[in-house]
Amino acid sequence: MSRTEATPSTGRMPAVLRNYALLADGHRGALIDPGGDIVWLCAPGWSDPAVFSALLDGAGRFRVAPAADRFVWGGYYEPGSLIWRSRWVTGDGIIESREALAFPGEADRVVLLRQIRALDRPARVRVVVDPRAGFGREPVRDPVRDGDRWRARTGNLHLRLQGGARLHQDQQGFLAGELTIPPGGHHDLVLEIANGPLDPAHESAAELWRTTEQHRSSVIPSLDGPARRDATLAYAVLRGMTRPGGGMVAAATTALPERALAGRNYDYRYAWIRDQSFAGQAAALVGRYDLLDDAVAFFTARVLADGDHLAPAYTVTGDPVPREQPLPLAGYPGGRVRTGNWVRGQLQLDSFGEVLMVLAAAQRHDRLDTDGRHAMQVAADAIGRRWSQPDSGIWELSPRQWTHSKLTCVAGLRTAAQVAAPPSAAHWSALADRILADVSANGLAAAGHWRRAYDDDRVDAALLLPGIRGALPPQDPRVDRTRRAVTGELEQDGYLYRFRPDRRPLGDAEGAFLLCGFAAALAAWQAGDVAGANRWFERNRAACGPPGLYTEEYDVQQRQLRGNLPQTFVHALMLETAVTIGQVDPCR
């Protein structure tokens, strides 16, 4: 097939987003649907083309599911891990498939583990293994069988499957077949996908599972408290979606629509400075510092390299985000497929403030080196030169004088001044005062609360964040007036919208933003409203599906997730909220 031709359609009905589970190892992520299909996996890295792209109606699949025509799906994550167990109840018994990406992951080799288990009766399972590189454009070629192992190629990638002795080549896919597992037994499938030739010496399935279990338990904290299960999963998601020593992707997917047929479907397989700041600060509160250290390393390298021209987002390795372009796939219903992101080239002023807050958190915990302290100075100097300029803001809109952006810089400067040497501390505090004076003169509505922009009197849920982060003292009346104005204007059924884009009722233009709901919980807690904080937290914590994953938006009326999955900054703020309001005890 020519690279310019459209990828053939799978013709399969996608699931609603709430029913997908995530596997991730820091270098890439996979989504599993209720039917046992791996419907999404980019290889070898997060923003590379997918080898399984059925989520967007592309070719390529890896299915493990009951051979029976009728079954009921369920599943769960093993405690403290991203090891998922798909579970199916059939008329003949119960079948499970234990799923994971081997951990710790390798940058150039994907190792996908699937262990099929028959719980009480013999289990008949249908297996299809058909990776297709280039978003489904490249079929499998050059297959070679050696015992229970198969080797092959797709595009420039090398493949190896262990456990395939009972599978055969199929006209509609690389390998297919039916397996029968005896009661209490299991069968392991291990699929490896690599940039180059695979080492002939390979680990057994048992070794890979053992290593994965041990490393997961060593990096995921044991949390306690009423929300410990969800908070632990949030930490596992953040760890799984952060490249060790590098960036954290905003989401594992691209082009999942935020609103059907509205053209709002973006590629979030990149590392946003703001999102990783939220994750780093949440990890510091938890008392485990690996995610904080990763954020510091990533921010330090980017700030020292780019200075005033710090981009809002990069690839996880620190390269520029590719330009946005369409992809010839039918896509998830309601959206069109695109890769790359238009954020490239934007100024998002609040990113500098977010960098300062993370570096200051590292300094408080004695985890900042000389380069990190230099990066703090560079970020503060950049704010000094650019704070008066229009920027695209937290929601990546047209450049304006956004109030949230400037107040976030105030918060970052004040936080950094608390840990800096006297000369810098005095200079940064004075700069924060100067910016705040300008915002007070131009960014206050007549009612005394912050307004979205210097030329826009509407409220914006993002304006809750600077108060939470310390731009002003909690007792400053502008903080409470803003909280009351935002929640009074933008709340619906316990969820919070980011702003009113037009005169339509809330929910007509876009879904509620779960990030904003957790920010409302933190703001209520700061104001001393303990009951309100817990109401906001519990309502928004429930806006997930059976696996417990969050997207960016929530359709309140239909109770459905909207947008790319999972959205890491929602998990980060949920985790921070859980610790802050006492739903989870931090590590000691």
Side-chain angles (χ1 to χ4, degrees), residues 21-31 41-42 45-46 76-84 99-107 110-113 208-209 211-224 227-253 268-272 275-299 316-317 358 361-362 365 367 544 547-550 565-579 584 586-587:
L22 169 78
L23 311 177
D25 66 2
H27 297 280
R28 77 283 299 172
L31 293 187
L41 173 65
C42 296
W46 290 108
Y76 60 96
Y77 282 108
E78 295 182 7
S81 77
L82 283 184
I83 297 174
W84 173 256
E99 330 266 17
L101 285 171
F103 191 81
E106 301 174 25
V110 183
V111 182
L112 181 57
L113 308 176
L208 289 165
W209 277 115
T211 300
T212 297
E213 292 161 355
Q214 290 173 347
H215 280 271
R216 285 287 183 198
S217 64
S218 70
V219 301
I220 307 300
S222 297
L223 301 175
D224 197 13
R228 60 186 178 274
R229 180 183 179 187
D230 290 344
T232 302
L233 177 60
Y235 195 100
V237 168
L238 297 174
R239 178 67 275 165
M241 296 182 69
T242 304
R243 188 178 193 269
M248 178 192 79
V249 291
T253 58
Y268 283 172
R269 300 172 299 154
Y270 308 106
W272 264 257
D275 299 23
Q276 193 158 4
S277 172
F278 292 166
Q281 293 180 76
L285 274 180
V286 168
R288 291 289 293 267
Y289 303 114
D290 56 338
L291 291 173
L292 175 63
D293 292 344
D294 287 340
V296 167
F298 189 68
F299 292 178
V316 293
T317 56
V358 165
H365 294 287
R367 308 185 74 82
C544 61
L549 304 177
Y550 299 101
L565 180 77
Q567 194 80 23
T568 47
F569 68 8
V570 179
H571 291 80
L573 217 60
M574 190 279 277
L575 178 61
E576 177 182 348
T577 306
V579 175
V584 166
C587 300

Roughly how far, to the nearest 0.5 Å, is the [atom2] atom of [Y] from the [atom1] atom of [X]?
{"X": "W209", "Y": "I83", "atom1": "CH2", "atom2": "CD1", "answer": "5.5 Å"}
{"X": "L113", "Y": "T211", "atom1": "CG", "atom2": "OG1", "answer": "10.0 Å"}
{"X": "L223", "Y": "D230", "atom1": "CG", "atom2": "CG", "answer": "11.0 Å"}
{"X": "L112", "Y": "L208", "atom1": "CG", "atom2": "CG", "answer": "11.0 Å"}
{"X": "F103", "Y": "R216", "atom1": "CZ", "atom2": "CZ", "answer": "4.5 Å"}
{"X": "L573", "Y": "Q281", "atom1": "CG", "atom2": "CD", "answer": "9.5 Å"}

For [X], which residues count as a side chain to side chain contact (heavy atoms under 4.5 Å, CB included) partner, sequence neighbours excluded?
{"X": "D224", "value": "R228, D585"}
{"X": "I220", "value": "T232, Y235, A236, R239"}
{"X": "L233", "value": "Y77, L82, V237"}
{"X": "A227", "value": "F537, R541, Q583, V584"}

Answer yes or no: is there a side-chain heavy-atom contact under 4.5 Å between [X] and [Y]?
{"X": "C544", "Y": "L549", "answer": "no"}
{"X": "R229", "Y": "P79", "answer": "no"}
{"X": "L22", "Y": "L565", "answer": "no"}
{"X": "V296", "Y": "R367", "answer": "no"}

For [X], all residues meeting side chain to side chain donor-acceptor pair (under 3.5 Å), sequence neighbours excluded:
{"X": "S217", "value": "none"}
{"X": "R269", "value": "D267"}
{"X": "T568", "value": "none"}
{"X": "Q567", "value": "none"}

Compare every heavy atom of [Y] with every heavy atom of [X], then report the nearest pair and how far apart it is.
{"X": "G247", "Y": "A271", "answer": "CA-CB, 3.9 Å"}
{"X": "L575", "Y": "A231", "answer": "CD1-O, 3.6 Å"}
{"X": "A30", "Y": "L41", "answer": "CB-CD1, 4.0 Å"}
{"X": "M241", "Y": "A252", "answer": "CE-N, 3.4 Å"}
{"X": "R288", "Y": "P221", "answer": "NH1-CA, 3.3 Å"}
{"X": "L291", "Y": "A283", "answer": "CB-CB, 3.7 Å"}

Examine distances only and state if a side-chain atom of D25 and a backbone atom of R28 form a donor-acceptor pair shorter than 3.5 Å.
->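 Yes, the answer is positive, given that a donor and an acceptor are paired below the 3.5 Å cut-off.
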M248 backbone acceptor or donor facing Q276 side chain under 3.5 Å = yes
Going by ring-ring contact (aromatic ring centres under 6.0 Å, His included), name the residues that satisfy it together with [X], two or more places apart in sequence or in a different chain.
{"X": "H365", "result": "Y289"}
{"X": "W46", "result": "none"}
{"X": "Y268", "result": "W272"}
{"X": "Y550", "result": "H571"}

